[in-house]
Amino acid sequence: MSNPQIIFVPCLILILLTFLVLNIMFNRRMRGLKKGEITPGHFKTYSTGQTESVKTIQAQRNFSNLQEAPPLFYFLCLITFVTGNVTPLMMTLAWLFLASRIIHTLVHITTNKLPLRMLSFGAGWLILVLMSINLLIKFI
C-alpha cells in the first residue's frame, strides 16, 4: 500500500463513534434526571431500584459493546501496521469492521431491531476472526 497509515483511519472513525455514543448516553441520562425519572443517587451504585429509560439503556449497552470488540480491532490494526502487512485485503476487512459497528450502533440506539443488530454484531466478530487468521497465516 502506498500509505500504510491509512489502516488507522477506520480506527479513528470508530473512536469518534464511541465518543458520539457516550454523548448520546450522557444526554439521555441528563434528560432522565431533568424529568425526574431517576435521581442523581442512582448513578452511585445503580442499585436504587430506579430504572432508566429504554433509550438510555440502549445507548449504555451500545457504549459497553464499543468497549468489547473494538479494542481487539485496534490491536489487530496496530499489528498489521507494525509488521508491514497493510494489504488491500486487510484494508477491506478494516472498513468492513467499521461498517459493521456503525450499523450495529445505529440499530442499537434507534429501532433496536434484534435480527439486524445481531447480524451486524456477529459480522464484526467474524471480520476480526478473518483478520486474525490472515495475520497468522502471514506469520507462520
Side-chain angles (χ1 to χ4, degrees):
M1 299 232 62
S2 61
N3 182 5
Q5 293 175 344
I6 202 82
I7 192 77
F8 296 117
V9 172
C11 296
L12 294 169
I13 294 171
L14 188 53
I15 290 168
L16 292 175
L17 177 67
T18 303
F19 286 126
L20 175 65
V21 173
L22 176 64
N23 186 51
I24 290 169
M25 180 180 66
F26 177 79
N27 285 328
R28 288 178 180 178
R29 284 185 167 164
M30 289 297 102
R31 201 172 311 129
L33 284 168
K34 287 178 183 174
K35 289 182 177 180
E37 296 169 352
I38 51 173
T39 62
H42 169 73
F43 298 106
K44 289 183 180 179
T45 63
Y46 295 91
S47 61
T48 62
Q50 299 172 347
T51 305
E52 295 181 77
S53 73
V54 171
K55 289 289 188 188
T56 302
I57 293 169
Q58 287 172 217
Q60 184 274 320
R61 285 297 309 135
N62 188 260
F63 183 74
S64 293
N65 288 157
L66 289 168
Q67 311 308 311
E68 296 165 356
L72 296 175
F73 173 67
Y74 303 141
F75 185 65
L76 286 167
C77 288
L78 183 60
I79 291 171
T80 299
F81 178 76
V82 169
T83 61
N85 285 298
V86 179
T87 63
L89 173 61
M90 289 302 278
M91 282 304 308
T92 299
L93 291 171
W95 284 108
L96 287 173
F97 181 79
L98 175 64
S100 76
R101 298 312 303 190
I102 290 171
I103 293 166
H104 179 263
T105 292
L106 289 174
V107 172
H108 203 174
I109 65 173
T110 59
T111 64
N112 205 18
K113 299 288 185 193
L114 201 51
L116 182 55
R117 195 178 109 203
M118 287 175 58
L119 181 65
S120 60
F121 188 81
W125 280 102
L126 177 61
I127 292 163
L128 292 179
V129 168
L130 294 173
M131 289 177 80
S132 299
I133 291 170
N134 184 55
L135 286 172
L136 187 60
I137 289 168
K138 290 186 181 282
F139 296 160
I140 295 178

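Predicted model only: the values in this text are computed from it and were never measured.
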Joint cluster assignment, [X] & [Y], ILVMFWY side-chain distance < 4.5 Å:
X    : Y    : value
V82  : M90  : yes
I6   : L89  : yes
L17  : L12  : yes
M30  : V21  : no
V107 : L126 : no

With rounding to the nearest 0.5 Å, note down the distance linking [atom1] in [X] to [atom2] in [Y].
X    : Y    : atom1 : atom2 : answer
I103 : L116 : CD1   : CG    : 7.0 Å
I13  : F8   : CD1   : CZ    : 14.0 Å
T105 : F121 : OG1   : CZ    : 10.5 Å
L96  : I127 : CG    : CD1   : 5.0 Å
W95  : I102 : CH2   : CD1   : 8.5 Å
N112 : I57  : CG    : CD1   : 11.0 Å

If you define the side chain from C-beta out and look only at heavy atoms, does anything of [X] sit under 4.5 Å from [Y]?
X    : Y    : result
L33  : P40  : yes
Y46  : I38  : no
R28  : I109 : yes
F139 : I79  : yes
F73  : C11  : yes
E37  : T56  : no
L14  : L66  : yes
L76  : F97  : no

Taking [Y]'s backbone N and O only, do any of them form a donor-acceptor pair with [X]'s side chain (distance below 3.5 Å, no angle check)?
X    : Y    : answer
Q67  : F63  : yes
S120 : R117 : yes
K55  : T110 : yes
N134 : L130 : no
E52  : G32  : no
Q58  : H108 : yes

Yes or no on side chain to side chain contact (heavy atoms under 4.5 Å, CB included) for N62 and H104, after CA distance, side-chain angles and deciding distance?
CA-CA 8 Å; N62 188 260; H104 179 263; 3.3 Å; yes
Just wondering, are more than 12 heavy atoms of other shown residues or ligands nearer than 6.0 Å to CZ in F75?
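No.
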Problem set entry | Crowding at CE, M118 (>12 non-hydrogen neighbours, <6.0 Å) |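 Open: at most 12 neighbouring heavy atoms sit under 6.0 Å from CE of M118.
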(message) If we count only N and O atoms by modelled type, under 3.5 Å, do the side chains of Q50 and T39 hold a donor and an acceptor together?
(response) yes
Looking only at non-hydrogen atoms, find the nearest pair between [X] and [Y] and report the distance.
X    : Y   : value
A94  : I7  : CB-CD1, 4.0 Å
E68  : P71 : O-CD, 3.2 Å
A59  : I24 : CB-CG2, 4.2 Å
M131 : C77 : CE-SG, 4.2 Å

Problem set entry | Stepwise side chain to side chain contact (heavy atoms under 4.5 Å, CB included) check, S53 with K35 | CA-CA 11 Å; S53 73; K35 289 182 177 180; over 6 Å; no
Could you walk me through whether N85 and T80 pass the side chain to side chain donor-acceptor pair (under 3.5 Å) check? CA-CA 5 Å; N85 285 298; T80 299; over 6 Å; no
For this session: Might you work through the side chain to side chain contact (heavy atoms under 4.5 Å, CB included) test for R101 and N65, ending with a clear yes or no?
Result: CA-CA 9 Å; R101 298 312 303 190; N65 288 157; 3.6 Å; yes
